[in-house]
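Shown next, in structure tokens, is the structure this report addresses.
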Amino acid sequence: MDAETRSPTPAAGGPRVNRDELVAVTVQGQIAHPVGRATPYRIGYDGVPRVLPGTGGIVLNRRIGDLCVGLAGDHIEPGVALHNNSREVIGPRDGPNNALITYACVGNRATVLSGLARGQQGWVTGKHGGVNHVLVDFPTAVLQRLAIGDRIGITSIGQGLRLPQHPRIELMNCAPGLIARWGITARDGRLYVPVTHEVPARLMGSGLGKNTAWRGDYDIQLADRAARERYRLGSLRFGDFVAITDADTRRGPVMREGRVTIGVIVHGDSTVSGHGPGVTPLLTGPAELLRLRHDPNANLAAVLGVRQPVPPQERLTLAERDRRLRCRVREAPPHLAFRTSAGVEG
């Protein structure tokens, strides 16, 4: 293996991975344009219709390490969103994009292949299901030179990753290099994993019902203020490593007591019912073997050496920051010109 595909040596005390078995494959996509819906409005769980930026495109002023709650946006994807629009002569129409979102792993290297920023490098930071985007972080100066449609290549390596000494813990969507950099330590048959937050499985929403966690994410619901404040979820940042307790993602996300899933925050909050900051799963296993170590620097930006994350800060959601009156009928409905057989206006 060359330097691009070779895994860094694990930090002292870190878990050993099966890096000699892994296969590196080049995949690529184009920077995706945002897609508008039939109506510009998103109806919030508070009943307020809003017109907001959403998924796709190049987000110039939000990157991993930045706060992701309370933004005037919906499902904001920091950095660059990729989609492969190619077609092949075999397989389904969306086969190339399915491969892109399956093969790419958090912590893979990405390289700009066309346009003014050709040759510049970044990092894969997550996968956003539903819209099926792969998210990539680049320095701000590079983001400003990129254009919609520029092609980005990814050296994908990580699917098939295992921990030979910890067979009950499964990895997904995770580059071997990320495991080496994360700060995970192995002791007494357990892994001690740095995270910023713990999230109970009962708060998870959109993304449930899928039969796989290998192609996307699922969302943390923040509409319940008491629960959000109890677990400090108003301070979530893009790139935070978080633990979902009583959650199992081996065969798709499901609530299961005694297990834990650890993932990374990949997109921002939403006012839509059942939605919120998205988590791409990285590790899942028995809670007795995956032990949590709270660390405010457990963020992709710090782990990859990209930038210093902003300090955690509790923020209100957009629905709470927006003080407009909730939608309601301000006038009595007009009287109808007839009565029903029961003598009541129809």
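With hydrogens and angles ignored, the 3.5 Å screen pairs a side-chain donor or acceptor of Lys127 with a backbone N or O of Trp214. In terms of modelled atom types and a separation under 3.5 Å, the side chain of Thr317 and the main chain of Gly70 share no donor-acceptor contact. In this structure, the side chain of Arg293 engages the main chain of Gly183 through a donor-acceptor pair within 3.5 Å. In this structure a side-chain-to-backbone donor-acceptor pair under 3.5 Å is present from Asn173 to Pro281. Panel note: side chain Glu77, backbone Gly56; a donor-acceptor pair is recorded below 3.5 Å.
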>> For a side-chain contact (heavy atoms from CB on, under 4.5 Å) check, start with the C-alpha distance between Ile262 and Val242, then their side-chain angles and the critical distance, and finish with the verdict.
In response: CA-CA 6 Å; Ile262 300 173; Val242 300; over 6 Å; no
> Between Leu290 and Tyr192, does a side-chain contact (heavy atoms from CB on, under 4.5 Å) hold up when you go through it step by step?
Replying inline: CA-CA 6 Å; Leu290 271 177; Tyr192 294 80; over 6 Å; no
> What do the steps show when you test Arg50 against Asp46 for side-chain contact (heavy atoms from CB on, under 4.5 Å), and what is the final call?
Replying inline: CA-CA 11 Å; Arg50 298 179 174 89; Asp46 57 350; 2.7 Å; yes
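Residue Tyr231 qualifies as enclosed at atom OH: its count of foreign heavy atoms under 6.0 Å is above 12. For CZ of Arg321, the number of neighbouring non-hydrogen atoms (other residues, nucleotides, ligands) closer than 6.0 Å is greater than 12.
Using modelled atom types, one finds no donor on one side chain facing an acceptor on the other under 3.5 Å when comparing Asn132 with Asn97. With hydrogens and angles left out, the side-chain atoms of Asn108 and Ser156 include no donor and acceptor closer than 3.5 Å.
Partner of Thr261 under the side-chain hydrogen bond (donor to acceptor under 3.5 Å, both in side chains) criterion, out of Asp246, Thr249, Thr245, Asp248: Thr249 alone.
To the nearest 0.5 Å, the span separating CG on Leu161 from CG on Leu283 amounts to 8.5 Å.
Relative orientation of the His275 and His75 rings is perpendicular, given thresholds of 30° and 60° on the angle between their planes.
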